[in-house]
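Down below is the structure, laid out as structure tokens.
Values below: all heavy atoms of this structure, side chains included; hydrogens, waters and symmetry mates excluded.
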Amino acid sequence: MNRIPPIVDVDAHVVEPPDVWSSRLPAKYREIGPRVVHLPAGTPKLDGGGYIEEPGTEGPDVAWWFYEDHKYSVKRLIAAAGYPADEITMAGVTYDQMRPGCWQPAARVADMELNGVEAQLCYPNYPRFCGQIFLRGKDRELALLGVKAYNDWMVEEWCGGSGGRLIPLCLVPLWDAELAAAEVRRNAARGVGAVAFSELPTYLGLPSIHSGYWDPFFAACAETGTVVCMHIGSGTKTPQASPDAPDAVAATIIFGNSVASMADMLFSGVPHRFPDLKLLYAEAQIGWIPYLLERIDDVWETHRGWSNGQAACPEPPSTYYYRQMYSCFFKDSVGTELLHRVGVDNVMFETDYPHQDGTWPHSVKAAEDQFGHLDADVVRKIARGNAIRVFGLPLTP
């Protein structure tokens with residue numbers, strides 16, 4: 001086994017502190033913008049990438065986020081670090097019942113130290129993985145202020161005092177591609193190199209990537225070197241099977257959205273029109289990628305007469321994948337066996353802290369088990385080098 005170098009983790013999560021928005025929004029919006037209220041838990045129902053729930057009438061109080069008419073309880077499921085599997089449910093919790101590393105930056109860095117992680121990029125929790133909560137907002141002025149407040153907190157407070165250990169990932173106003181481009185440039189000017197986007201924007205009722213609508217956003221990302229980060233579940237609607245299937249079915253096949261997204265993106269012409277654009281799939285794992293690339297190239301060639309696959313994609317789609325696309329994994333021994341086809345320069349490691357699926361505090365052992373047997377230079381690329389190169393981090397590869 002090769003020793004795993006300090007990991008650059010490109011997919012963890014933050015549980016937003018209670019004052020992210022209440023301390024930043026104008027006074028007139030503080031009673032309607034995102035804020036934490038303590039009320040008894042309800043009975044949440046999983047609905048694609050979100051929950052349907054209302055506070056209960058009895059029992060101990062838990063932390064609830066209120067925003068306009070939306071209500072969401074902070075759940076043990078998303079603040080699972082340090083708890084055994086049989087205690088991790090969708091039950092609501094308070095901030096005092098979480099490990100401090102879930103929501104406090106100094107404590108997060110300490111938990112990274114325990115886990116062999118040098119630097120970490122964190123996706124949102126309450127706003128959802130690409131800020132969908134603000135897309136649903138009725139007051140667009142408030143929603144835009146909410147996006148900017150989150151980004152200011154992310155840059156100034158979550159990452160600002162970490163000495164580069166915490167890597168900023170910002171949101172954009174999804175309802176307006178021009179505003180999104182402006183927010184990318186605003187954040188890039190202060191050193192942000194990553195932005196969250198939906199893997200399947202049409203699932204959110206937004207224009208498709210084939211329409212050209214998003215070109216101002218993609219252009220801004222390409223020009224500033226900002227990586228477009230698409231977390232699994234960022235389309236909100238997730239693959240389903242039988243309507244009465246257990247949640248375990250959806251949890252197993254959720255990577256199907258990433259399959260659909262990557263095929264959509266490769267045929268869209270976006271990577272062709274923006275050759276400097278970098279696209280990252282987070283928490284999607286990698287074992288499915290070799291077959292998708294084989295199939296997509298075959299469709300591009302074999303069915304060129306009727307499928308319109310070459311209309312916007314003049315080169316075999318895999319060409320753009322190897323040049324511009326990346327994916328990260330934390331539990332995928334199949335993918336590491338196929339690494340020569342996934343691409344040693346196209347993969348990165350992640351920990352998924354503090355979610356139940358994550359490998360904290362044993363991420364170094366997880367890395368050793370999955371790719372520690374590979375050549376030392378490959379191990380270093382996966383653990384840190386590829387992330388440093390793609391995100392332009394001031395770290396030693």
### Query
According to a 4.5 Å side-chain heavy-atom criterion applied to Ile, Leu, Val, Met, Phe, Trp and Tyr, with indirect links allowed, do Ile232 and Ile253 form part of one hydrophobic cluster?
no
### Query
Do Tyr126 and Leu77 share a hydrophobic cluster (ILVMFWY, side-chain heavy atoms under 4.5 Å, transitive)?
yes
### Query
Centre of Tyr67's six-membered ring, under 6.0 Å away, within 45 degrees of the axis: is that where NZ or CZ of Arg35 sits?
no
### Query
Which class fits the ring pair Tyr123 and His13: parallel under 30°, tilted 30 to 60°, perpendicular over 60°?
tilted
### Task
Report the C-alpha separation of Tyr72 and Phe66 in whole Å, then their side-chain angles, then the decisive distance to 0.1 Å, and conclude whether the ring pair (Phe, Tyr, Trp, His ring centres under 6.0 Å) test is met.
CA-CA 7 Å; Tyr72 165 81; Phe66 279 27; over 10 Å; no
### Task
Output, in order, the C-alpha distance, side-chain angles, deciding distance and verdict of side-chain contact (heavy atoms from CB on, under 4.5 Å) for Gln132 and Cys130.
CA-CA 6 Å; Gln132 300 101 301; Cys130 65; 3.6 Å; yes
### Task
Check whether the ring centres of Tyr29 and Trp21 lie less than 6.0 Å apart, and answer yes or no.
no
### Summary
Rounding to 0.5 Å, atoms CZ (Arg24) and CG (Asp152) come to a distance of 7.0 Å
## Note on the structure
Sorted by chain and number, sequence neighbours left out, salt bridge (Lys or Arg N to Asp or Glu O under 4.0 Å) with Asp176 holds for none
### Task
Name all residues meeting the side-chain hydrogen bond (donor to acceptor under 3.5 Å, both in side chains) criterion together with Tyr281; count only those two or more places apart in sequence or in a different chain, and write none if there are none.
Ser261
### Query
If you measure only the distance, is there a donor-acceptor pair under 3.5 Å linking the side chains of Ser363 and Lys365?
no
### Task
Look up atom OG in Ser318 and atom CD1 in Ile289, then write down how far apart they are to the nearest 0.5 Å.
12.5 Å
### Worked check of salt bridge (charged side-chain N to carboxylate O under 4.0 Å, His left out) between Arg136 and Glu68
CA-CA 10 Å; Arg136 296 175 181 170; Glu68 293 185 337; over 6 Å; no
### Query
Do Leu142 and Leu25 come close enough that some side-chain heavy atom pair is under 4.5 Å?
yes
### Flag for Tyr320-His272: side-chain donor and acceptor within less than 3.5 Å
yes
### Query
In chain order, what residues pass the side-chain hydrogen bond (donor to acceptor under 3.5 Å, both in side chains) check against Thr302, with sequence neighbours excluded?
Asp298
### Query
Who are the salt bridge (Lys or Arg N to Asp or Glu O under 4.0 Å) partners of Lys381, not counting sequence neighbours?
Asp345
### Query
So, Gln285 and Asp332: side-chain donor and acceptor under 3.5 Å apart, yes or no?
no
### Message
In terms of relative ring orientation, are Phe371 and Phe349 parallel, tilted or perpendicular, with 30° and 60° separating the classes?
### Response
perpendicular
### Task
Please determine if Glu294 and Arg341 form a salt bridge, counting it only when a charged side-chain N lies under 4.0 Å from a carboxylate O.
yes
### Task
Check step by step if side-chain contact (heavy atoms from CB on, under 4.5 Å) holds for Val117 and Thr351.
CA-CA 9 Å; Val117 172; Thr351 71; 4.0 Å; yes
### Task
Using the rule that two of Ile, Leu, Val, Met, Phe, Trp, Tyr join whenever any of their side-chain heavy atoms come within less than 4.5 Å, decide whether Ile7 and Val14 are in one cluster.
yes
### Message
Evaluate Arg165 against Glu118 for salt bridge (charged side-chain N to carboxylate O under 4.0 Å, His left out), listing each step before the verdict.
### Response
CA-CA 6 Å; Arg165 301 287 299 273; Glu118 180 177 2; 5.9 Å; no
### Query
Do Val20 and Leu145 belong to the same hydrophobic cluster, where Ile, Leu, Val, Met, Phe, Trp and Tyr are linked whenever their side-chain heavy atoms lie under 4.5 Å apart, directly or via other members?
yes
### Message
Quick one, Lys71 and Trp65 - any side-chain contact, counting heavy atoms below 4.5 Å?
### Response
no
### Task
Step by step, work out the side-chain contact (heavy atoms from CB on, under 4.5 Å) result for Cys229 and Leu169.
CA-CA 9 Å; Cys229 301; Leu169 170 68; 4.0 Å; yes
### Query
Looking at residues at least two apart in the chain, or sitting in another chain, which of them share a side-chain hydrogen bond (donor to acceptor under 3.5 Å, both in side chains) with Asp61?
none
### Query
Is there a salt bridge (charged side-chain N to carboxylate O under 4.0 Å, His left out) between Arg3 and Glu368 once you walk through the steps?
CA-CA 8 Å; Arg3 180 179 179 275; Glu368 288 174 346; over 6 Å; no
### Message
With heavy-atom distances below 4.5 Å as the criterion, would you say the side chains of Pro173 and Phe134 are in contact?
### Response
no
### For Asp352, all residues meeting salt bridge (Lys or Arg N to Asp or Glu O under 4.0 Å), sequence neighbours excluded
none
### Query
Are Glu16 and Trp103 close enough, and set up right, to give a side-chain contact (heavy atoms from CB on, under 4.5 Å), and what steps lead you there?
CA-CA 6 Å; Glu16 293 78 17; Trp103 61 286; over 6 Å; no
